[in-house]
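Note that ligands are numbered from 1 as they come in the structure, with each ligand's atoms numbered from 1 the same way.
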Amino acid sequence: MDLVLFGIQGSGKGTQAKKLVAEFGYYLFEAGGELRKMAASGTDLGNTVKSYIDRGDLVPFEIIMEVVRMAVIAVPQGKRILFDGIPRDLDQMKSFDAIMQATGRDFRCIHITLDKQKAVQRILGRAKIENRADDASEESILRRMDLFLQKTMPVIEQYKQLGKVIEIDGDRGVEEVYQELKRTVK
Ligand code: AMP
């Protein structure tokens with residue numbers, strides 16, 4: 001079964017995703033990473049994508065969903081996918097569910113929880129290490145967190161009602177979170 005990882009920026013979601021991929025051999029679909037690659041391409045489309053990322057806004061629906069669709073189609077049936085950063089709002093959720101259904105894929109969700117205050121502190125530290133322009137601006141960070149709380153939380157709530165979500169407390173060390181995560185995905 002595929003996995004969809006949710007968590008506010010700074011929750012450690014990306015770190016945990018990489019650990020799961022290394023140990024269990026998931027195919028990683030990292031929405032932000034895919035879009036950053038596009039943004040670096042220097043094409044007109046790339047420049048459009050970059051302008052959204054730099055502001056901390058969601059890239060338009062058609063662009064991101066096409067990227068997801070192409071990626072999912074390219075993954076062989078037997079290989080499990082770990083989705084990080086998609087779906088981010090209810091429209092994306094509807095489209096994501098349709099793609100998954102059309103390709104015969106099933107998934108469950110994991111939400112790594114962390115309160116906003118702690119998340120801001122963590123992310124300001126990460127900006128210095130990873131040198132990400134969108135993390136260096138406090139305005140962009142807060143904008144992305146508000147988007148998560150306003151747009152992505154309702155997605156998590158809906159999946160919760162469908163019994164698809166496992167919550168994991170992200171306010172702990174990387175290894176501690178990972179050990180619990182591992183127990184739930186096995
Ligand atoms: P992330 O690495 O997940 O923090 O994403 C970085 C940026 O990529 C976001 O602030 C958005 O501009 C863009 N992005 C990532 N995932 C999505 C998505 N599912 N829909 C639209 N834009 C996205």
## Note on the structure
Nearest non-hydrogen contact to atom 19 (N) of ligand 1 from the set Gly7, Gly85, Ser51, Ala31 belongs to Gly85
### Summary
Looking only at non-hydrogen atoms, the one of Ile8, Ile64, Leu35 nearest atom 23 (C) of ligand 1 is Leu35
### Query
Which one of Arg143, Gln92, Arg144 has a non-hydrogen atom at the shortest distance from atom 20 (N) of ligand 1?
Gln92
### Message
So, 4.0 Å and heavy atoms of Arg55: is ligand 1 close enough to count as a contact?
### Response
no
### Summary
So ring-ring contact (aromatic ring centres under 6.0 Å, His included) across residues 51-98, not counting sequence neighbours, yields Phe83-Phe96, Phe96-Phe107
### Query
Which residue pairs pass the salt bridge (charged side-chain N to carboxylate O under 4.0 Å, His left out) test when at least one of the two sits in residues 79-101, sequence neighbours left out?
Lys13-Asp84
### Task
Please report the shortest heavy-atom distance between Ala39 and Val49, naming the atom on each side.
CB-CG1, 4.2 Å
### Task
Could you tell me which atoms of ligand 1, counted from 1 in the order shown, lie closer than 4.0 angstrom to a heavy atom of Arg36?
2 (O), 6 (C)
### Task
State whether the side chain of Thr113 and the backbone N or O of Ile168 hold a donor-acceptor pair below 3.5 Å, judged by distance alone.
yes
### Query
Should the proximity of Asp57 to ligand 1, defined as any heavy atom under 4.0 Å, be assigned to the side chain, the backbone, both, or neither?
backbone
### Task
Could you point out which residue of Lys50, Arg144, Arg143 forms a salt bridge (Lys or Arg N to Asp or Glu O under 4.0 Å) with Asp57?
Arg143
### Message
Nearest non-hydrogen contact with atom 1 (P) of ligand 1 belongs to which option: Arg88, Glu30, Lys13, Gln9?
### Response
Arg88
### Ligand-residue contact atoms, ligand 1 with Ile86, heavy atoms, under 4.0 Å
19 (N)
### Asp146 bridged to Lys116 by N-O distance under 4.0 Å
yes
### Query
Do the charged groups of Lys37 and Glu34 touch, with an N to O distance under 4.0 Å?
yes
## Note on the structure
One finds that the ligand 1 atoms under 4.0 Å from a non-hydrogen atom of Ile53 are 8 (O), 12 (O)
